[in-house]
Protein chains: 4
Amino acid sequence: MASRGINKVILIGNLGADPEIRYTQNNTAIANLSIATSESWKDKQTGEPREQTEWHKCVAYRRLAEIAGEYLKKGSKVYVEGRLQTRKWQGQDGVERYTTEIVINEMQMLDGRPGGGQGGGYQSQGQSQGQGQTSGQSGQYQQGGQQQRQPAPQQPQQRPAQRPEPEPFVPDQEFDDDIPF
Amino acid sequence: MASRGINKVILIGNLGADPEIRYTQNNTAIANLSIATSESWKDKQTGEPREQTEWHKCVAYRRLAEIAGEYLKKGSKVYVEGRLQTRKWQGQDGVERYTTEIVINEMQMLDGRPGGGQGGGYQSQGQSQGQGQTSGQSGQYQQGGQQQRQPAPQQPQQRPAQRPEPEPFVPDQEFDDDIPF
Amino acid sequence: MASRGINKVILIGNLGADPEIRYTQNNTAIANLSIATSESWKDKQTGEPREQTEWHKCVAYRRLAEIAGEYLKKGSKVYVEGRLQTRKWQGQDGVERYTTEIVINEMQMLDGRPGGGQGGGYQSQGQSQGQGQTSGQSGQYQQGGQQQRQPAPQQPQQRPAQRPEPEPFVPDQEFDDDIPF
Amino acid sequence: MASRGINKVILIGNLGADPEIRYTQNNTAIANLSIATSESWKDKQTGEPREQTEWHKCVAYRRLAEIAGEYLKKGSKVYVEGRLQTRKWQGQDGVERYTTEIVINEMQMLDGRPGGGQGGGYQSQGQSQGQGQTSGQSGQYQQGGQQQRQPAPQQPQQRPAQRPEPEPFVPDQEFDDDIPF
DNA sequence: TTTT
DNA sequence: TTTT
């Protein structure tokens, strides 16, 4: 991988909803996360307190997606690091739209979680902005990870897309880390 | 300012075009930058070299906007740091759209520039995700900065928006640094 | 402020001890934080689980220092952002030593805290790597902030430095945000 | 790899000297970089311009080290990302000392370089804070990379350590990317 | 639309 | 020790 430039996003925020997990025909997991960050300040003119919340569309692939599905839920506080990616898509109305997402390559739970502990960190196995993996590594992914991992459901979950959504594209170059907690 | 969460973007890339500078009725400068970051890798299947470029819409206000207008141009390599902000707008076709931008709060030229030197760094005076400034500081802004700064043109420059663009919103909480090179 | 270069540190970790707060003769608060980040992995050779903890010396000034003293304690999980600074000092044995610290300019509690809520974020009022403030702002600091703030103790707290420590140096250019939660 | 916490450093600065490359008995390359970041401001009291330079000790391993040796030199402007690591060592005088370094996991040249182009980005193959690689990848490292790469010199280069330096420790978990420009 |  |  060689990159010309840096494309990095760092967020700490809370999930506005449970992660939406689906699977490609290839059985690759994809997780969509909606993460809120907010700021509050006093209006300079009126002195009144104000607050603004920003919602970030985030997407994780493969192992990171599965971890998100397992450990995160509505309200979870999470650190994510990734890169910005804008996709063009066409709604059912034929209108072209653009959606900007954060493609997650590192994730860390900041909440306590049921089983004790306070959450660890996960990274996609690929480089943070990286591509160009060799096939040897996807084998590592296959064998690795959360032991006893359930196979992905045969009936892929769909997220109920009120607003028509772009087709899922899974970059072949994103890999994730297979080492459990 | 108090924020719940972190919303941070770091980019290093090249401008795809000269910065577009315009001014509000208030005479506040706004700069729109289009910054490319790209990555190249070898396709895992075919072994062929591939490249993907990501285009980032960035916006700077006030002093940072003026500096961008003065020192950056098409092709310039630049470091920017900021926060993600998604705005909703309605095209002339009546369709709602969303645009995600990076609101710049720090900027640093990485190119040599004509007058010698290699460019310094600039930050918005406000906090990176911050708000809640007192009015005293805007005075500082007035008196400060690049000496001999020309007054903003009476005929505000418009960027030729092929694709209808949202109305410019200038947050009252963004300030910039007034200290020249 | 103009900077040539970027000097940025981002940590999420836990405090190994309560913050150590002291005050300069000027009554400026200084907080020393010791923050741990750790990583665990499996040894490539032996397959055994390993863990390594890194301890980071962090320092905050003024309002940020006071906030640290009020809200953080041993075990607290915290996000800090700052810049690296290495100071030279001489121990009682006459030997020159160097200490590298993170000078905090943004801080965010990631733990739930007693009074409800989950902690907000704070930033030094100055620019992240910034200097060159006008005096007008220190007034803002004086009037601002956590209401009913107690005056700093007349008897400055000293941290019990087993290992001789460098003299505290408070940069006149670091300011902090005066806006409470 | 699982990490509890985030330990991230981002620098843009200039090399104060050519990279110092040496090799372990294992023939693993290690590069030591000294990177300057500086800030300038006007003294609040006197109004005089001031400048402060911070020097950062950085270290890269394996492929990244070799790339640093090939493409960077005194004065080069570079982006590095890595993690903080403090090592304890004992000088010849028997005194214990601590040295804090940035262990680089991503590097990007920001200067034009002789052969045209303006430099690409490189990442260590491992995760940014990561460990737990399989041995399969080190093979990839062996075959990969800059074609015609010279074998490491049999007489390992030593850096002329005026000030006694700690023994080089090469973490077995750091890998680098083997994909050339 | 940039850059290599 | 760099850079401007």
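Any value given below was found using the heavy atoms of this structure, including those in side chains, with hydrogens, waters and symmetry copies removed. All values reported here derive from a predicted model rather than from experimental measurement. Per chain, numbering begins at 1; letters A, B, ... match sequence-line order.
As a whole-Å value, the separation of Leu15(B) CG from dT4(E) P is 14 Å. For the pair His56(B) NE2 and dT3(E) C1', the computed distance is 13 Å after rounding to whole Å. For Glu39(D) and dT3(F), the CD to C1' distance is 14 Å, given to the nearest whole Å. Whole-Å rounding puts the Glu51(B) CD to dT2(E) P distance at 12 Å. Between Ile67(B) atom CD1 and dT4(F) atom C1' there is a gap of 15 Å when expressed in whole angstrom units. Taking atom CE of Met109(D) as the reference point, atom P of dT3(F) lies 18 Å away to the nearest angstrom. Atoms CD1 (Ile35(B)) and P (dT3(E)) sit 13 Å apart, rounded to a whole Å. The interatomic distance linking Glu20(B) (CD) with dT1(E) (P) rounds to 13 Å, in whole Å.
At a threshold of 4.0 Å, the pair Glu81(C)-Lys8(B) counts as salt-bridged, since one of the basic side-chain nitrogens sits closer than that to a carboxylate oxygen. The residues Glu39(D) and Arg83(C) are annotated as salt-bridged, a charged nitrogen and a carboxylate oxygen being separated by less than 4.0 angstrom. A salt bridge links Arg50(B) and Asp43(B); the closest N-O separation between the charged side-chain nitrogens and carboxylate oxygens is under 4.0 Å.
Here Trp55(B) does not count as stacked on dT2(E), because the ring centres are not under 5.5 angstrom apart with planes under 30°.
Checking side-chain atoms of Gln90(B) against main-chain N and O of Arg97(B) turns up no donor-acceptor pair under 3.5 Å. The closest donor-acceptor contact from the side chain of Glu54(B) to the backbone of Thr86(A) lies under 3.5 Å.
Within 4.0 Å of Thr37(D), counting heavy atoms only, lies no atom of the nucleic acid at all.
For Arg4(C), the side-chain atoms get nearest to dT4(F) when compared with the rest of dT2(E), dT3(E), dT4(F). Picking from dT2(E), dT3(F), dT1(F) the nucleotide with the shortest atom distance to the side chain of Asn14(D) gives dT3(F). Checking dT3(E), dT1(F), dT1(E) against every side-chain atom of Ala17(B), the shortest atom distance belongs to dT1(E). Distances were taken from every side-chain heavy atom of Ala36(D) (C-beta onward) to each of dT1(E), dT2(F), dT3(E); the shortest belongs to dT2(F).
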